[in-house]
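Structure record follows, encoded as structure tokens.
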Amino acid sequence: MSPSPQPFIAVQGVTKRFADRLVLDDVSLDIYPGETVALIGPSGGGKSTLLRSINALNTIDAGQIKVGEHVLAGNGASLGQGTIVRQIRCVVGMIFQDFQLFPHLSALDNVIEGPLRVLGWSRDKAVAKGRELLDRVGLGDRSQAFPDQLSGGQKQRIAIARALAMEPRGLLCDEITSALDPELKHEVLEVLSDLKKEGMTLIVVTHEIGFARRAADRVVVLCGGKIIEDGPPDAVLGDPKSARTRQFLQNVLA
Amino acid sequence: MFPTLRYWLTLTAVLFLGGLVRTASVCAADDPAYIERLRQRLSSGILKWGGDAEASAPYQLRDPADPERVIGFEVEIADALVAEISRRIERPLKAEFVQYNWVSLEPGLQETKDFDMILAGFEKNADNTGRVAFTRGYYVYGQQLVVRADETRIKSLSDCVDMRVATLAGALSDRILQEVGVKQIVGFDTQVEPYRDLELGRVDAALLDYPIYTFYAAPNPRLKAACPPTHQNTYHAALRLDDRDLTAAVDDALSQLMIRGTLRDILRKWRLWNADQRGLPDGKHREAELLGLGFDAQGQPVDPATLPPVQEIPRDMIAESSDHWTFDVYFPVLLRAAGMTVQLTFASMAVAMAIGLLVAVSRLYGPAPLRHAALCYVEFFRGIPLLLVLYFIYYGAPNLGFEISAIPAAILGFGIVYAAYEAEVYRSAIESVPRGQWEAGRALGMADVQVFRRVIFPQAFRTALGPMTNDFVAMFKDTSLVSVIAVQELTKEYLVLARSSFKFVELGLLTAALYMAMSIPLGYLSRYLERRWGPKR
Ligand SMILES: Nc1ncnc2c1ncn2[C@@H]1O[C@H](COP(=O)(O)OP(=O)(O)OP(=O)(O)O)[C@@H](O)[C@H]1O
Ligand SMILES: [Mg+2]
């Protein structure tokens, strides 16, 4: 895939502190439309914080983040409920490690909640879209099931369908298979591979080195709040430049 | 037809019937301006008077034959007074009895103005002089000391100093016992209990007003009077201080009732007439009043045979009335009271839920001042007795310029106090929803208000369902407190009926069953909803 000159997501000199702790230290990263980026690195390295910053779920202290034509400035000010924030969230969806489905709603109602309440679709249109998405993640027959009646893998696929219902151009996935048994991981990663084929931009925080090698266009290593490695999977995973990355890969693969 | 002519014709006819034509000249020419003011004052056509029919024979009591009706010698005096005033102003006027807790009668007259006159065995005392306007007296009574029939130690009040003596809490008899130096005074809220405890040996004597003795102790062979009545005093009607025209009208009407013998015959009918009544006549019609009350010019009682016959109320009316209180009679009364309990509970809970949610949300998401205010609300209303809040709203609000009637006051009182508990239930339920749910909602582009309404609140509501049902059931029972502000709910009605019929056990079990019938379905409903909606795992 040849990256187009205009990045879809541009992280520029972003710094983030929690109290005195520097969690993101002048991070810059361009992600182009249709790219699949695997974000890896040791625990506490700032991967989740970076993802959450892109989705405006936390503030940033310096730098700026562009998503499509929307710009988030980093002056530490409260993000509030500004329209920019909500527009960004409509452009990129986010999927969480612990699913966070709405337990009081059926699978279908989880999926159509966004289109109904945020996009203002008619119920018929939203339901049609919801059914199509449930079919796509292989759960067309479970539309009336409640989250507590579903397996972890099924829940995560519903969560992906819920994010896709907003018709985003990108998805932020934060260790979305970590809570799943190996067999169930597979069914979720399959869905991601399909999305990649359809041209969705994906940023995937993962400890699945195999998946990163197979599916990612690019692997980024975030460690101590800094990007210490950024390149094609073969290069980063096969022949890392820094000793820290080598050590990390040894630990993960051990 | 000239109204004045009709008036005189009517009056003359009445006087003939009463056999008292000789005193027909007492009604001096009325000042027309005064009559006009009186008409204005009574333009509603109703004179409301307050009393307590909770087993208060012979003052006011539920008619055993028809519990919807209130009878009693004061009821008859009120009706006669109103008829008299109606005649005088030549306008229709009706007396309407308002049921009130005896101890709350004065605030009911002054603060909430639920009625315009108290007629309930009120005597002048240090507490109320200067606060209400007393009319002239309508009955002279003494304090009657009663002991068990086999009692030999007690012959007078002074023998009671080291005994246990029962009385009505806060009544004049209570004060007299204190003055005499009785060490163990047992005060009750109604006049039924003192004699009951005396009979059961829980106290050694009981001191109560003579009329009470007449109906509750005299017919009872296990009790006897220890000595003749002492400490004579007078019952007066009481009105508001600024209600001068009406007070004067009641005074004049009382005089007429004395002159015409109406008061005498009411008292005779209720077995209350005695020689002490010679103390009532006063002022410029004193002689005519004395005659009308049944005394000669020297103040000696006339021969009863010369008086018109009256049908006396049976002496054992109270015991006998117990038989009238059958299931058919009391069940509908209890059922209606249960309906009031249900209404109160549902309305109060709705108020509590609405305010509680507001307070919980303010406490969780409001700006700092609002958060603190919400916390203060919770701490304040959880920390003070519900009873105090009820009193404050009902009797205090009119002082601050708000008029509020009993049922809205009860609903408001329960609502704002229970809101404090509901707020805490909702707060902890809202906090129990994982933070990730907020992020999941926000990540879909929902505004925080939407996330709260669509995601957080429905989950919190299900968690709160159980504790809410507990509060609901607790409130069902707590509503029994509202009798203090004159709302007639189930427990109050139980007490009234039980004291009238002496069927404490039978009625108690039935009342308990009614409470059960209300709270058990509620428990089922809650468990059903919890199963349907409850937190899923
Ligand atoms: N809300 C917060 N308040 C304070 N510190 C935080 C907060 N969120 C994250 N941190 C800190 O920021 C640092 C980076 O956290 P982050 O979750 O981004 O790491 P990560 O790379 O996702 O790690 P992992 O692989 O364990 O998920 C950690 O040291 C963490 O303790
Ligand atoms: Mg993380």
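All chains are named by letter (A, B, ...) in the order of the sequence lines, taking the proteins before the strands, and each is independently numbered beginning at 1. Note: hydrogens, waters and symmetry copies are ignored here, and every other heavy atom, side chains too, is used.
Contacts between A:Phe102 and chain B at a heavy-atom distance below 4.5 Å involve backbone atoms as well as side-chain atoms. Heavy atoms of A:Arg162 lying under 4.5 Å from chain B belong to its backbone as well as its side chain. For A:Glu113, the part lying near chain B is the side chain, with the backbone staying farther off; criterion is any non-hydrogen pair under 4.5 Å.
Inspection of the A:Lys16 and A:Thr59 side chains reveals an N or O donor paired with an N or O acceptor under 3.5 Å.
Ranked by heavy-atom pairs shorter than 4.5 Å toward chain B, the options A:Val92, A:Leu119, A:Val118 are led by A:Val118. Between chain B and the options A:Leu101, A:Asp98, A:Ile95, A:Ile88, heavy-atom pairs under 4.5 Å are most frequent for A:Leu101.
A distance below 6.0 Å separates the ring centres of B:Phe346 and B:Phe472.
With a 6.0 Å radius and a threshold of 12 heavy atoms from other residues, nucleotides or ligands, A:Phe211 has its CZ atom above the threshold.
Put simply, the side chain of A:Leu164 reaches to within 4.5 Å of the side chain of A:Arg136, judged on heavy atoms.
Ion pairing of B:Arg442 with B:Glu439 is absent here, as no side-chain N (NZ or NE/NH1/NH2) approaches a carboxylate O to less than 4.0 Å.
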